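In this text, all values refer to a predicted model and were calculated from it rather than measured experimentally. Chain A is the first sequence line, chain B the second, and so forth, proteins listed ahead of strands; every chain is numbered from 1.
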Amino acid sequence: MPELPDVENYRRYLEKHALRQKIAHVAVHDTRSLRHMSRQKLSRALAHHTFTTTRRHGKHLFARLDNDGGWLAMHFGMTGRLAYFDAADKEPENDRVRFDFENGRHLGYVDARLLGRIELADDIDAFIAHRDLGPDALSDDLDSETFDGLLAERKGGLKAALMDQSLVAGLGNLYVDEILFQTKLHPLAHVQDLSAAERRRIYKAMREILRTAIKSGAGSEGLYKRLPKSYLIPRREAGAKCPRCGGKVEHITAAGRSTYFCPDCQKR
DNA sequence: CGGGCCTCCTGGTAGC
DNA sequence: TGCTACCAGGAGGCCC
């Protein structure tokens with residue numbers, strides 16, 4: 001669920017609440033949320049330091065440490081989020097890692113299903129290369145021509161390609177379905193069958209949808225009500241009414257994922 | 001290289 | 001009402 005728009009809003013949330021506050025202590029409630037790292041290592045790296053700035057690449061959020069100790073890297077899996085709270089007794093359920101600041105407030109890394117991971121990274125570019133992540137889907141460097149080139153050299157299922165973080169980083173199941181809906185492409189379409197015009201339409205829709213989702217407050221409660229009425233995302237239910245033609249939304253599996261689309265709008 | 005399937009995880013819910 | 005079975009989904013691993 002936390003895809004690019006959600007993580008972008010988590011980034012802004014962290015900037016707003018937790019920047020330049022000295023970390024007194026880190027409480028790791030569940031080490032399964034840590035990747036290649038003990039709770040001692042994380043505590044040592046963070047205690048008595050501050051987050052100075054943030055970055056995001058695809059679905060990864062990075063917070064820089066002031067001691068030149070590199071970056072804290074967070075991935076949110078499917079149920080991860082951040083929660084800033086002012087008293088220990090307000091700690092949310094499933095808080096896996098809690099950053100305690102000297103001002104008495106706390107930032108929680110909350111992840112019910114434990115599919116997300118926290119780690120440390122010396123260098124973001126190296127991290128991205130090591131993870132084989134493609135360009136961020138909203139990056140200024142990713143223009144329509146570059147995207148067209150990446151897609152043009154791919155084969156296979158379109159949905160799988162768009163979900164592949166090594167092609168473009170940041171898209172997940174929901175926003176890929178939305179892109180396909182807005183561009184009227186069938187979820188089982190193949191990349192090699194796309195025209196150049198269709199590839200350009202995908203690019204435009206991708207950028208527009210991601211920006212709109214960020215503005216609509218992705219990553220917080222009630223997003224579905226704030227998204228434009230023309231969006232499919234709030235109608236992810238078989239038999240729901242297509243917001244464009246009024247037809248029936250259908251459910252299939254594509255690229256191994258639960259997929260919703262309108263068979264009347266999205267012809268093969 | 002592509003595709004399909006499994007695993008990690010647990011909360012929520014459909015179905016009996 | 002209470003139980004079980006299954007699904008949600010990001011990512012990585014495995015096999016064909």
So with a 6.0 Å cut-off around CG of A:D122, is the heavy-atom count from everything else above 12?
no
A:I118 has an atom CD1; how far is it from atom P of C:dG10, in whole Å?
19 Å
Under the salt bridge (charged side-chain N to carboxylate O under 4.0 Å, His left out) test, which residues partner A:D68, sequence neighbours left out?
none
Between the protein and nucleotides 11-15 of chain C, are there any N/O to N/O pairs under 3.5 Å, and if so, what are the atom names and distances?
unit_1 : atom_1 : unit_2 : atom_2 : d
C:dA11 : OP1    : A:H75  : NE2    : 2.3
C:dA11 : OP2    : A:K59  : NZ     : 3.0
C:dA11 : N7     : A:R257 : NH2    : 3.4
C:dA11 : N6     : A:R257 : NH2    : 3.0

Here the distance between atom C1' of B:dG2 and atom CG of A:L151, to the nearest Å, is 15 Å
Could you go through the side chain to side chain donor-acceptor pair (under 3.5 Å) check for A:K22 and A:N103 one step at a time?
CA-CA 8 Å; A:K22 192 163 265 190; A:N103 66 4; over 6 Å; no
When all nucleic acid strands are considered with a 4.0 Å heavy-atom cut-off, which category describes A:G77: base, sugar-phosphate, or nothing?
sugar-phosphate
Specify the closest pair of heavy atoms between A:R55 and A:D125, including all atoms of both residues, with the distance to one decimal.
NH2-OD1, 4.3 Å
Between A:E3 and A:G172 the two heavy atoms that sit nearest each other are OE1-N, 2.7 Å
Quick one: is the NZ or CZ of A:R235 closer than 6.0 Å to the six-membered ring centre of A:Y260, and within 45° of its axis?
no
Rounded to whole Å, how long is the line connecting atom CG of A:L188 with atom P of B:dG3?
11 Å
N/O-N/O pairs, protein side and nucleotides 10-12 of chain B side, under 3.5 Å:
unit_1 : atom_1 : unit_2 : atom_2 : d
B:dT10 : OP1    : A:R32  : NH2    : 3.4
B:dT10 : O2     : A:R113 : NE     : 3.2

Taking it one step at a time, do A:T54 and A:R11 satisfy side chain to side chain donor-acceptor pair (under 3.5 Å)?
CA-CA 7 Å; A:T54 63; A:R11 188 188 71 74; 3.0 Å; yes
Is the A:F99 ring parallel, tilted or perpendicular to the A:F51 ring (thresholds 30°, 60°)?
perpendicular
Tell me the interatomic distance from A:D111, atom CG, to C:dG9, atom C1', rounded to whole angstroms.
12 Å
Taking atom P of B:dG3 as reference, at what distance in whole Å does atom NE2 of A:H190 sit?
7 Å
If an axis is fit to five pairs at each end of the helix from B:dG2-C:dC16 to B:dC16-C:dG2, what is the angle between the two, to the nearest 10°?
50°
Check A:R12 with A:E15, please: is the shortest side-chain N to carboxylate O separation under 4.0 Å?
no
Shortest side-chain distance from A:K155, nucleotide among C:dG10, B:dG2, C:dG9:
B:dG2
Note: A:F261 and A:Q266 closest approach over all heavy atoms is CB-OE1, 3.2 Å
Please state how far atom CG in A:L162 lies from atom C1' in B:dG2, giving the value in whole angstrom units.
15 Å
Would you mind classifying the nucleic acid contact of A:G116 as base, sugar-phosphate or nothing, using non-hydrogen atoms under 4.0 angstrom?
nothing
Separation of B:dG3 atom P from A:K159 atom NZ, nearest Å, is 14 Å
Contact list for DNA chain C against residues 205-222 of chain A - heavy-atom distance below 4.0 Å
none
What heavy-atom pair brings A:K59 and A:L171 nearest, and what distance separates the two atoms?
NZ-O, 3.1 Å
Tell me which one of A:F76, A:Y10, A:F127 satisfies ring-ring contact (aromatic ring centres under 6.0 Å, His included) with A:H60.
A:F127
Pair A:D148 + A:R199: basic N to acidic O under 4.0 Å
yes
Compare every heavy atom of A:Q182 with every heavy atom of A:S230, then report the nearest pair and how far apart it is.
O-NE2, 3.8 Å
Between P on C:dC7 and OH on A:Y260, what's the gap in Å once rounded to a whole number?
11 Å
When every non-hydrogen atom of A:A137 is compared with those of A:L4, the smallest separation belongs to CB-CD1, 3.9 Å
Classify the angle between the aromatic ring planes of A:F62 and A:W71 as parallel (below 30°), tilted (30 to 60°) or perpendicular (above 60°).
perpendicular
I'd like a table of atom pairs between the protein and nucleotides 13-15 of chain B - only N or O on both sides, under 3.5 Å - with the distance next to each one.
none

